[in-house]
2 protein chains.
Amino acid sequence: MKVSIEVEVARLRAEAGSFSPDCPTRVLLDHITSRWGMLILLALASGTMRWGELRRWAQGISEKMLAQTLRTLEADGLVLREQRPVIPPHVDYSLTERGRELAVLLLPLMEWVIADTAAAAAGGTPPA
Amino acid sequence: MKVSIEVEVARLRAEAGSFSPDCPTRVLLDHITSRWGMLILLALASGTMRWGELRRWAQGISEKMLAQTLRTLEADGLVLREQRPVIPPHVDYSLTERGRELAVLLLPLMEWVIADTAAAAAGGTPPA
DNA sequence: CTGTATCCTTTCAGATACTG
DNA sequence: CAGTATCTGAAAGGATACAG
């Protein structure tokens, strides 16, 4: 198990072309791991949401950042924006198929972080 | 498969206590997803490295950011720093057990990002 | 309800020079 | 070799006000 990880990383690095900052891979990764990106993806993983719902879900996000994050993720093809031409405006946000693929990978990561944080809080710093 | 994701997220949110910015969960997540954090973790997933090796691996990183990132990850208990008291100095960096657990979850994410970027480049924007 | 536009503060990150 | 210290510019992010 341990050895295969090392092989994997080497292969990854070769495919990604060294992860240089201007590589498209890095750009997408930056969007996903941006301050609010992962939170929004996670929120939408639980179902379609409207602007106001997202604001409440992602506590502390400003309107500016919500708009920016949503536009970025939409441009990346991860989030779908559907506007209904009614008064007052009604807009639904959801994950695209790509977005859902990604969310599936993000979930174990979040679970680990939560579990790890809980463990650290309970038992001081766990044995390194 | 799809429904279980929604259940998962709801459970996650309950456990994490709403992901407020000052929550320890968010702090750790920010470290992992910081500009260089994931890259360093990925580098060390391929084996123990020294300062100079890491600098070369993470192309474009400054000494300041390398030091800062390493110290942060070390404080989080993800990276182990072993200094050998010799002249000239010799310091080895590696992943702790927790770090390795995390790296295992990071790998599929990176693979997906690379594959997705490649697909987007090859076929224009894939069907949303 | 769903945003946009502007300003303004804070934080991030790179370059440079220096140390044990 | 393996860092630290300091300075400075760039950029992210938040608050507020306003609009369709």
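By convention in this document, chain letters (A, B, ...) are assigned in the order of the sequence lines, proteins followed by strands, and residues within each chain are numbered from 1.
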Does the side-chain contact (heavy atoms from CB on, under 4.5 Å) test come out yes or no for Arg35(A) and Arg26(B), once each step is laid out?
CA-CA 10 Å; Arg35(A) 178 111 206 259; Arg26(B) 274 288 298 276; 3.7 Å; yes
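The shortest non-hydrogen separation linking Ala120(A) to Arg98(B) is CB-NH2, 4.2 Å. Closest heavy-atom contact between Glu101(B) and Trp112(A): OE1-NE1, 2.8 Å.
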Check: protein-nucleotides 9-13 of chain D nitrogen or oxygen pairs below 3.5 Å:
residue : atom : partner  : partner atom : Å
dG13(D) : N7   : Lys64(A) : NZ           : 2.8
dG13(D) : O6   : Lys64(A) : NZ           : 3.2

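Rounding to whole angstrom units, CG of residue Asp30(B) and C1' of dT11(C) are separated by 13 Å. In this structure, CD1 of Ile87(A) is placed 10 Å from C1' of dC1(C), rounded to the nearest angstrom. The nearest whole Å value for the distance from the CZ atom in Arg56(A) to the C1' atom in dG3(C) is 15 Å. Residue Asp92(A) contributes atom CG, which lies 10 Å from atom P of dG3(C) at whole-angstrom precision. Note: CH2 (Trp51(A)) to C1' (dA19(D)) measures 14 Å, nearest angstrom. The separation between Leu66(B) atom CG and dA13(C) atom C1' is 13 Å, rounded to whole Å. Atom C1' of nucleotide dC1(C) and atom CG of Leu70(A) are separated by 15 Å, given to the nearest angstrom. The separation between Met49(B) atom CE and dC1(D) atom C1' is 17 Å, rounded to whole Å.
Contact of the Thr72(B) side chain with the Leu78(B) side chain is not registered, since no non-hydrogen atoms from C-beta on lie closer than 4.5 Å. When side chains are defined from C-beta on, Thr96(B) does not count as touching Val79(B), because their heavy atoms never get closer than 4.5 Å. Side chains of Arg50(B) and Asp92(B) form a contact here, defined as non-hydrogen atoms less than 4.5 Å apart. Considering only heavy atoms from C-beta on, Leu80(B) stays 4.5 Å or farther from Thr48(B) through its side chain. A 4.5 Å side-chain heavy-atom check between Arg84(A) and Glu82(A) finds every atom pair outside the cut-off. Looking at heavy atoms from C-beta onward, Val104(B) lies out of side-chain contact with Arg100(B) at the 4.5 angstrom threshold.
Backbone-only contact: Arg81(A) has heavy atoms under 4.0 Å from sugar-phosphate atoms and none from a base.
Each of Pro89(A) and Glu63(A) was matched to the nucleotide of DNA chain C holding its nearest heavy atom; the match closer to the 5' end belongs to Pro89(A).
Looking at the side chain of Arg71(A), the nearest of the listed nucleotides dA17(C), dT4(C), dG20(C) is dT4(C). With dT4(C), dC1(C), dG3(D) as the candidates, the nucleotide lying closest to the side chain of Val91(B) is dG3(D).
Contact check, Tyr93(B) against dG3(D): a side-chain N or O comes under 4.0 Å of OP1 or OP2. Taking 4.0 angstrom as the limit, Arg50(A) places none of its side-chain polar atoms (N or O) nearer than this to OP1 or OP2 of dC1(C).
A rotation axis mapping the C1' atoms of four pairs onto the next four is fitted at both ends of the helix from dC1(C)-dG20(D) to dG20(C)-dC1(D) over five pairs, and the angle between these axes is 50° to 10 degrees.
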